[in-house]
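For reference, the structure is listed below as structure tokens.
Counting starts at 1 for both ligands and their atoms, following the listed order. Just so you know, these numbers use all the heavy atoms, side chains as well, and skip hydrogens, waters and symmetry mates. These numbers were taken from a predicted model, which means no experiment stands behind them.
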Amino acid sequence: MRVAFYEPGARADLWLQELRAALPHALVAHWEAGAPPADYAVTWAPPQQLIDEQTGLKALFNIGAGVDRLLQLRLPSHLRVVRLDDAGMGVQMAEYVCHALIRHFREFETYAGQQLESGWTQRPPRTRSEFPVGIMGLGVLGEKVAQAVRQFEFPVGGWSRTARRIDGVRCFAGQAEFGDFLAATKVLVCLLPLTADTQDILCHASLSRLQAGAYVINVARGGLLVEDDLLALVDSGHLAGAMLDVFRTEPLPLDHPFWRHPKIQVTPHTSAQTRRDESIAQIVGKINALERGEPIAGIVDLERGY
Ligand code: NAP
Ligand code: GLV
């Protein structure tokens with residue numbers, strides 16, 4: 001069995017080394033133009049040439065959860081694209097979102113400001129029931145985040161394309177229930193995939209339907225959020241602020257207003273990083289399952305875009 005690996009980052013050697021150790025009977029090689037036909041490809045941000053040359057792949061594994069970048073390439077409709085299913089990202093997302101939520105709810109940013117002036121003023125306690133959390137996207141990561149947020153006893157809602165039932169989560173689905181979901185949300189968490197249907201979904205029209213003083217946490221993709229609309233709504237006071245991990249242009253340009261906005265916190269696309277060990281274990285498990293003719297989870301629907 002041949003496995004082609006492609007990753008443009010600095011860690012490619014470690015991936016290769018660990019993939020070879022986990023697939024001792026396979027020939028695992030870094031892909032380059034003209035490489036022999038492989039059975040499987042394990043890639044992040046592959047070039048079009050890899051897709052065009054490797055026409056006999058049984059599956060192409062994306063070493064990330066989001067496939068929006070991959071789906072910008074011309075892919076044959078029969079290509080089996082497999083994305084990462086959690087693989088250690090769920091717990092990181094839960095940490096990030098709970099941190100952002102609690103930092104906002106408990107006003108830790110205000111206390112950080114007070115400390116600069118040796119200030120000792122307690123803020124009045126806030127009421128959890130007045131901070132319903134709404135999670136856009138109830139997939140692998142969204143559901144994990146919903147369960148984590150529930151532990152802190154906030155009311156939790158969620159929105160997905162098709163109807164879902166999750167214990168303790170008020171579920172909304174489809175365009176018909178989008179307005180009700182927004183109206184029921186004070187802290188919005190975005191965990192949608194970036195697709196033709198979701199591009200720019202966080203815009204003036206949707207954000208202004210959130211409860212007054214709402215807070216926005218975007219940990220999915222920058223293309224979901226119209227950044228100028230968010231800024232306008234924060235500056236008008238309708239939104240209390242935002243914590244953002246993903247941006248339309250990454251790295252975030254140095255002159256971007258988010259860097260210095262007092263009500264916006266930014267992080268460098270780090271809310272849930274790909275864990276090499278867990279990802280390799282998952283991918284190798286799926287290659288072995290496919291070789292045995294068994295079904296696997298995480299196959300991307302190329303039409304739907306996730
Ligand atoms: P997933 O399992 O595919 O879940 C996607 C969820 O979004 C599903 O609940 C789906 O609804 C819903 N959805 C899709 N299109 C929709 C639409 N048009 N309207 C309403 N709901 C829609 O994905 P995941 O593994 O949870 O990952 C989500 C995203 O997180 C990834 O695509 C990636 O972009 C992002 N991500 C970011 C980082 C980071 O470090 N910032 C790390 C990992 C992932 P159904 O349940 O009905 O299918
Ligand atoms: C990271 O952003 C991913 O999609 O895994």
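In Thr195, neither the side chain nor the backbone holds a heavy atom less than 4.0 Å from any atom of ligand 1. At a heavy-atom cutoff of 4.0 Å, ligand 1 is contacted by the side chain of Asp197 but not by its backbone. Proximity of Arg221 to ligand 1, defined as any heavy-atom pair under 4.0 Å, is confined to the side chain (atoms from C-beta onward).
Of the protein's heavy atoms, Val219 O, 3.2 Å lies nearest to atom 37 (C) of ligand 1. At the shortest separation from atom 27 (O) of ligand 1 among protein heavy atoms lies Leu141 CD1, 3.6 Å. Looking only at protein heavy atoms, the nearest one to atom 47 (O) of ligand 1 is Thr162 OG1, 2.5 Å. In this structure, the protein non-hydrogen atom closest to atom 39 (C) of ligand 1 is Ser271 OG, 3.3 Å.
Distances below 4.0 Å separate heavy atoms of His269 from the following atoms of ligand 2: 1 (C), 2 (O). Residue-ligand proximity, Arg221 to ligand 2, at heavy-atom distances under 4.0 Å covers atoms 1 (C), 2 (O), 3 (C), 4 (O). The atoms of ligand 1 that sit less than 4.0 Å from any heavy atom of Leu191 are 28 (C), 30 (O). Residue-ligand proximity, Met89 to ligand 2, at heavy-atom distances under 4.0 Å covers atoms 5 (O). Atoms of ligand 2 found under 4.0 Å from any heavy atom of Gly64 (numbered from 1 in listed order, with element): 5 (O).
The heavy atom nearest to atom 2 (O) of ligand 1, considering only Glu177, Glu143, Arg83, is found in Arg83. If you check each of Tyr96, Phe181, Tyr306, Trp159 against atom 10 (C) of ligand 1, the one with the closest non-hydrogen atom is Tyr306. Around atom 7 (O) of ligand 1, the closest heavy atom drawn from Ser160, Ala272, Pro193, Gly139 belongs to Pro193.
A salt bridge links Asp200 with Arg248: at least one charged nitrogen is closer than 4.0 Å to a carboxylate oxygen. Using a 4.0 Å cut-off between a side-chain N of Lys or Arg and a carboxylate O of Asp or Glu, Asp180 and Arg209 do not qualify as a salt bridge.
For the pair Glu117 (side chain) and Gln114 (backbone), a donor-acceptor distance under 3.5 Å is absent.
In this structure, Arg103 forms no cation-pi arrangement with Phe108, as its terminal cationic atom is not both closer than 6.0 Å to the ring centre and no more than 45° off the ring axis. A cation-pi arrangement is present between Arg304 and Tyr306 under the rule of less than 6.0 angstrom and at most 45 degrees off the ring axis.
Considering backbone and side-chain N/O atoms, Ala272 never comes within less than 3.5 Å of an N/O atom of ligand 2.
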Go through the steps for Arg161 and Asp197 under the test salt bridge (Lys or Arg N to Asp or Glu O under 4.0 Å), then give the verdict. CA-CA 10 Å; Arg161 198 176 52 85; Asp197 287 340; over 6 Å; no

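In this structure, Arg83 has no heavy atom closer than 4.0 Å to ligand 2.
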